[in-house]
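Written below as structure tokens is the structure these notes are about.
Please read these numbers as outputs of a predicted model, since none were measured by experiment. Just so you know, ligand 1 is whichever comes first in the structure, and atom 1 is the first atom listed for that ligand.
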Amino acid sequence: MDYAKLLTDMHRSQPLYGRLRDALEQAIKSGELLIGARLPSERELAAQLGISRTTVINAYRELESMGMVRGYVGRGTFVCARPEPGDSPFAWRGKVSASAAHLDAALAPGGLLRRLRSVKNPHFISFAIGAPALECFPVKEYRQLMDQVLNRHADDVLGLAPTEGQPCLRQAIADRFMVKRDRILILSGAQQGLNLIARCLLDPGDAVIIERPGYVGAIQTFRTARANLIGWDVSRSDLDELEDLIIRHRPKLIHTNPTFHNPTGRILPLRDRQELLKLAARYRLPVIENDPYRESHLDGSPPPSLYELDGGNIVIYLSTFSKILAPGLRLGWLLGSEYLVEQLTAIKQRDNVFTEGLGQMVIARFLQSGLIEDHLSRLRMEHKKRRDEMVKALERHLPGQAISFDIPRGGLYLWCRLKDLKDGIDSRQLLQRAMREGLAFAPGDIFYADYAKGLAFAPGDIFYADYASGAGSRELRLCFSASPVDKIGEGVRLLAKCLS
Ligand SMILES: Cc1ncc(COP(=O)(O)O)c(C=O)c1O
């Protein structure tokens with residue numbers, strides 16, 4: 001950027017600082033000055049242009065108030081956003097706080113999944129979003145229970161409710177898990193539980209052990225909390241390696257999804273569960289057991305939960321109705337010590353005074369009446385059909401192992417590896433092709449915290465993405481449960497077409 005020429009073409013009727021501001025705005029708009037670029041110091045620019053330093057300061061201040069640049073004491077002034085099109089009063093992007101800008105960048109890969117949630121095209125096939133077979137949702141029973149609740153308990157569902165959840169739902173869950181009701185917190189989804197735990201237990205810089213690859217929502221939550229994410233390799237699940245990580249990093253927490261893990265579908269064997277709990281006890285380390293897929297078993301029940309094995313001592317248990325009823329209900333729950341539940345409730349009520357009540361009362365009755373068991377059997381049968389269809393279609397359309405995978409015994413996903421070809425494409429490129437054909441899946445890289453680690457700060461806290469780590473670039477996650485059988489065959493055919 002040639003700053004010496006900056007003022008030559010500008011309207012001379014304006015005050016000088018206004019001309020300088022407009023010229024810089026124009027340079028940012030045209031891309032001549034890129035986001036992340038450092039502007040000359042006020043003194044330097046004043047000398048170059050032969051104007052006063054006050055004029056430059058005023059121009060920079062105006063640009064800062066317009067959200068286009070940001071000044072950092074001792075570091076200088078940086079371009080942080082382009083002007084927004086239309087008549088927006090300022091560049092909103094440049095107005096967000098540094099921590100929110102961090103979040104924005106960390107969410108960028110997940111942004112794809114967010115966009116996919118709103119695709120309404122009936123011909124589009126999505127293997128990307130993790131949802132159960134919504135065709136199995138018990139509409140008739142749900143409607144009847146809703147009528148009952150509205151007729152008999154309208155005051156309870158329409159009025160203010162306790163932050164920790166409707167007593168009847170807490171009790172119904174307490175009965176299933178054989179714990180005291182006070183140990184249960186009702187959530188607007190398990191994701192809310194993760195956020196509450198992070199806010200309650202973590203300070204910036206604390207280390208957290210998460211699985212690698214692991215649940216993308218956990219990566220985002222702990223990143224946002226400014227935690228230092230330490231990956232524990234899921235494919236090895238080596239307990240010595242875990243102990244080594246604990247000794248080296250002194251983490252505050254372990255987050256694990258040991259049963260039908262998202263994205264790999266793996267089950268942590270009973271012995272490893274016991275070993276993990278021994279380690280957690282030895283190092284006095286809280287464990288978050290994130291367990292949304294326990295009821296989604298397809299070939300026999302999984303081992304007992306960490307929570308059950310530990311007796312609710314150092315394990316905080318999270319689960320959700322998103323994967324067994326519908327994600328749109330936004331209802332999940334947490335089991336923890338009474339003290340922790342109290343603390344988390346206090347944090348929760350700051351931004352979610354209480355969770356929606358009608359759904360809670362309906363689901364409480366759904367659980368207590370036993371209707372849930374019939375529903376789960378039907379759901380498992382349908383999921384099994386869909387899993388088997390996806391496996392069959394992959395074997396039919398992609399012979400010769402262009403893709404390899406293990407058949408999961410539960411959960412909602414097939415975790416696939418692309419064969420290592422010299423000129424083979426990676427899963428991001430494959431996704432681009434697939435999207436053009438009307439198909440989506442989750443690319444492997446979003447499940448690796450390395451991705452976020454690769455995001456570096458440019459001077460001035462402005463992000464740029466660096467995909468250098470390459471983790472997950474040859475992996476993809478296909479959700480088999482959310483698409484009807486005929487769509488599964490068609491989707492896999494499209495995938496094969498994109499790979500050929
Ligand atoms: C391991 C895990 N935890 C939590 C969630 C989110 O659950 P909810 O919809 O209840 O927020 C998911 C969804 O994909 C998940 O896989």
Identify the residue among Arg378, Arg386, Lys385 that makes a salt bridge (charged side-chain N to carboxylate O under 4.0 Å, His left out) with Glu135. Arg386
Is the shortest distance from a Lys or Arg side-chain nitrogen in Lys497 or Glu437 to a carboxylate oxygen in the other one below 4.0 Å? yes
Sub-4.0 Å heavy-atom approach of His261 to ligand 1: no
What are the two closest non-hydrogen atoms of Gly336 and Val341, and how far apart are they? O-CG2, 4.0 Å
What atoms in ligand 1 come closer than 4.0 Å to a heavy atom of Asn257? 1 (C)
Would the Tyr317 and Phe177 ring centres measure less than 6.0 Å apart? yes
Which of the numbered atoms in ligand 1 are below 4.0 angstrom from a heavy atom of Lys323? 12 (C), 13 (C), 14 (O)
Should you measure from each heavy atom of Ser322, which atoms of ligand 1 turn up under 4.0 Å away? 8 (P), 9 (O), 10 (O)
Gly217 touching ligand 1 at heavy-atom level, < 4.0 angstrom: no
For atom 6 (C) of ligand 1, what is the closest protein heavy atom, and at what distance to 0.1 Å? Tyr215 OH, 3.2 Å
Indicate whether any N or O donor in one side chain lies under 3.5 Å from an N or O acceptor in the other, for Glu243 and Tyr283. yes
Pairs of nitrogen or oxygen atoms closer than 3.5 Å, one from Gln192 and one from ligand 1: do any exist? no
Counting non-hydrogen protein atoms only, what is the nearest one to atom 10 (O) of ligand 1? Give residue, atom name and distance. Thr320 OG1, 2.5 Å
In Phe480, Tyr293, Phe260, the residue satisfying ring-ring contact (aromatic ring centres under 6.0 Å, His included) with Tyr413 is Tyr293
Pairs of nitrogen or oxygen atoms closer than 3.5 Å, one from Tyr293 and one from ligand 1: do any exist? yes
I need the contact type for Ala190 against ligand 1. Using non-hydrogen atoms and a strict under-4.0 Å cut-off, is it side chain, backbone, both or neither? both
Look at atom 3 (N) of ligand 1 and say which protein heavy atom is nearest, naming residue and atom and giving the distance to 0.1 Å. Asn290 ND2, 2.9 Å
Decide, yes or no, whether a salt bridge links Glu490 with Lys487 under the criterion of side-chain N to carboxylate O below 4.0 Å. no
Side-chain ion pair, Glu295 and Lys323, N-O less than 4.0 Å: no
Those atoms of ligand 1 less than 4.0 Å from some heavy atom in Asn262: 14 (O), 15 (C), 16 (O)
